[in-house]
Structures are given as structure tokens and as C-alpha cells.
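Letters go in sequence order (proteins before strands), and every chain restarts at 1.
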Protein chains: 2
Amino acid sequence: MIRVMITDDHLIVREGLRLILETADGIELVGEAKDGAECLELVKKLNPQVILMDLQMPRMDGITAIEHLRKDYPEIAIVILTTYNEDDLMIRGLQSGARGYLLKDSSRENLIDTIHAAAKGETLLKPEILARVLSSKTSVKKEAATQTESILTERELEVLQLASLGERNKEIAYKLGITERTVKAHLQSIYQKFGVDSRAAAVAIVAQKGMLKE
Amino acid sequence: MIRVMITDDHLIVREGLRLILETADGIELVGEAKDGAECLELVKKLNPQVILMDLQMPRMDGITAIEHLRKDYPEIAIVILTTYNEDDLMIRGLQSGARGYLLKDSSRENLIDTIHAAAKGETLLKPEILARVLSSKTSVKKEAATQTESILTERELEVLQLASLGERNKEIAYKLGITERTVKAHLQSIYQKFGVDSRAAAVAIVAQKGMLKE
DNA sequence: CGCCATATTGTCCATTTGGACAATGTACTA
DNA sequence: TAGTACATTGTCCAAATGGACAATATGGCG
């Protein structure tokens, strides 16, 4: 029996996964967490072999949680749960030590296969994804900032990065655990610093400066 | 006397340039055109040595005009007039054979110096701009399209490229000589093909696919 | 201890955007 | 010739965004 834990902020996703996992042979669902912080709290008690980890969550996101887990529980296999294909966050997650990824609309077989593979220490990645991971820079942490980057505050960068993935203010607010109004405030500040007046223009600048890539 | 011609769709710009050029020694303003098409019509009669060329204009844009001029009047020096620094359109214009570029808020001295240099056959480019021109691909024309590119029609690409520069629908419509409604139609089509539902998301995809760079 | 940067949130309103219905003309192709 | 793809434009409305006024709290620094 493979001990599996779920970390996802969406109730529906958790329920759906539970339904699938509880009826799968050789898999035991040992617990669930609603965000990265809760995941770290519960992991010792639940002692999972595999963690299905969402990336975008309030309080503590999946990337941060993965980094902590790699340090404290390197033997646990982490599988990223993501909505979109080729998500930059997913790349970062894989760089941080996740062992695979799953689209949230994966088939039941795909899901179960991936969990088994992760438990056995294998990595299941599409080749093109693997190539992207290997070719992109390893250091995820902040480093010598470029001109544009240094102008922005940490929070503004977070907001801008989500906006650059096409997220709406409402979604950004939810993911950062703040109100939509605050998101707008950060965006306004960003626009001022960039000398633009629309999110599309800001995203374009970010894209051209290469702030998205890496 | 250097015979200079202006091609720009903005009355204010033309007026401003005229004011400067008419009081400059050794420079004779021989005519003005409101877009690329008119420029090509007038160029034979006006016989300019230097053409100041805007890039974004209705009917026929500056890039197209430059390509025609290079073919039929290679002796004419073309100087690009642009609003922004490091504009991708400017790069393409320079690749198409323009001999220099001017920001529209250039100083009077800068403007006159550039015209004199262009007339003498010199090229006035900031080093970093020159580097970008040389390092980018030479062929501006359509070539083997990437996955994402091939999905889109020519027109959709035009719209998307402007949107990716932060332009609003109204501006895009004006620059392409169509209505705002049509711009929205193209965007809707693009969103469908990309599987997104906002221009920011579309711009982000374009940026990640590298469709902006080159 | 006050100043400053930062983060946070509020209301109100004009503009922009996205989507749902469309329709028309042109050009190419089976 | 009929069908298809494409570009074009229309109205109407809901949602999202941008900007103008804000205010409050926190933490660092001189």
C-alpha cells in the first residue's frame, strides 16, 4: 500500500482525488491539507510516501512547500498537481525537487500510474518538459536583480508574475490571500514605475525583459 | 540643402517637425505624407534625399513603405520616427533598410544631426540597438511557422503583436485601419485558439512562445 | 520619536474588455 | 458551383480594469 497525501485548496479537487484514490488498488489515502503550511504541519503525523501537491494556494504555495519538504523529508515523492500544461510554476516546482506532475483533468489511469511510478522513485515527465527543466536556470532564489526587477517590491513582483500568467485580479487576490483592491493598488504602483497604463503593457514589458523566463 | 520629406499620420508631429526643419540650416522640407501609401505616391515628384518615416500608420505602414523604397529608390536615406525606444517594429524597419531612427521627443539638435548624417550616408545607431539588429534574424518575411504561429491568421498575428505591445483595442484599430469591433473579433478568435479568455493571458503565451522576439 | 517605504483596504466612476447573439463580402478550393 | 476560410462590422450587456480621491498599520532608520 502506497501512502498518499493530498495538498490542494480546492475542495472539489480533494473530493475528486479521494474518490479515485480510495478505489484504487495498492493506494491508501492517509490525509489531506488545504495549503502548503497545513501540509508541512501534517506531514510528520501522516507519514506519506507520495504527496500530490497543488502549486497555487493561499498562505503557503506549493513551491515553498516543496522546498521545505525536500529539505526535511527528502524520501517523500512529490507530484505536482496543475491545471495548465507548461506552466512556469510547474517548471519551478520540478526544479525544486518534485518528481512528476499531473494535470488536474488527468485520467484515472494516468493518476494511478503516476503515483505508482513516483513511489518507486521513477520520474514521469514528458520529454519536452524535461528538456525545459534542464535547460532553464537552476537557481530559483532571488539573485542579482535586473534593472526592472529591482524597481519593484517583492509583493509587486508576486502580483505581476501572476498577472503575467493571465490571471485576473480576483484570482491573484485569492492566491495571495489579499483583497482584489490591494491587487489593484500593487498594479497601479507597477504601472507608475513602468510608465504604462494597462496590464497588457506591463506584461509585455515583463516578457521582453525576460522576467518570466527562469 | 538636404531635401527632406516627412511621413507621419499625426498632424501634430508633422507640424512640429516642420517648425524645426524650416528653421534649420541646410535643410529643405520638400513635402509631407500621411501614410506609407501616400509617401510612395509623392516620393517621385518630391525627390527627397532623406525621408523621416513613422512606422505605425493606417493604410500602409512604415515597414512596408521602407521595403518598397529600398527597392525603387535605394539612394534615399530613411530615418525611422518612433515613439518608444527599443521597439520591435523599429528593429524590423532597420532590417528593412532604414538608416537611422529618431525618437519623437528627440532634441532639435539630435534631429538635425541625424538628418545630416543620414544624407551623408552615415548610420547613427546606438550600439546596443545595432547589436540587436545584427543578432536578430534577417528574414522578416513569413517562414516556417512554429506551432503557435501557424494557428493564427496573418491578421490575427498583426492584432496580437500590437496587443502584446500594450496597445488598446482603439489604438490597434486605428493602426490597422479597421474598426474596434473587428479588433475584438480577431482577439476573440485568438483567445479561442489559445484556450484563454483574456488579452493578458494571450500576451503571456505569445511572450513565452518567443513570438515577440525577432 | 517622527519620517518613510510598504502593504493593506475602502468607495466611486469612466473606460475597456469579453462574450453573445448576429450578418456581409471576398477569395480560394473541392 | 457550393462550400470554406477569412476579414469585416453591428448591437447589447456583464465583467474587469484603471484612476481618483482616500485611510490605516507596520517596521526600519536616522
Return a single string for nucleotides 13-19 of chain D, one symbol per nucleotide in 5' to 3' order, where B is base contact, S is sugar-phosphate-only contact and - is none, cutoff 4.0 angstrom on heavy atoms. ---SSBB
Would you say B/T179 places a side-chain N or O within less than 4.0 Å of OP1 or OP2 belonging to D/dT9? yes
Determine all donor-acceptor pairs shorter than 3.5 Å in which one atom belongs to a side chain in residues 36-47 of chain A; sequence neighbours excluded.
residue, atom, partner, partner atom, Å
A/E38, OE1, A/K34, N, 2.7
A/E38, OE1, A/K34, NZ, 3.4

Nearest whole angstrom, please: distance from the P of D/dC6 to the CD1 of B/I190. 13 Å
B/I178 CD1 to D/dG10 P, in whole Å, measures 11 Å
Could you state the atom-to-atom distance from CG of A/L176 to P of C/dT9 in whole Å? 10 Å
List the residues meeting salt bridge (charged side-chain N to carboxylate O under 4.0 Å, His left out) with A/R18, not counting sequence neighbours, and say none if there are none. A/E15, A/E32
Test item: B/I115 and B/V79 side chains (from C-beta on) under 4.5 Å apart, heavy atoms: no
Do A/Y174 and A/E180 come close enough that some side-chain heavy atom pair is under 4.5 Å? no
Pairing residues for B/A65 by the side chain to side chain contact (heavy atoms under 4.5 Å, CB included) criterion, not counting sequence neighbours: B/M53, B/M60
Spell out, as yes or no, whether a donor-acceptor pair under 3.5 Å connects the side chain of B/R199 to the backbone of A/A200. no
Using rotation axes that map the C1' atoms of four end pairs onto the next four (five pairs an end), what angle separates the end axes of the helix from C/dC1-D/dG30 to C/dA30-D/dT1, to 10°? 40°
At less than 4.0 Å, is any side-chain N or O atom of A/T182 found next to OP1 or OP2 of C/dT9? Yes or no. yes
Any B/I78 side-chain heavy atom under 4.5 Å of B/L52 side chain: no
For B/A201, the side chain to side chain contact (heavy atoms under 4.5 Å, CB included) test, sequence neighbours excluded, returns B/V196, B/S198
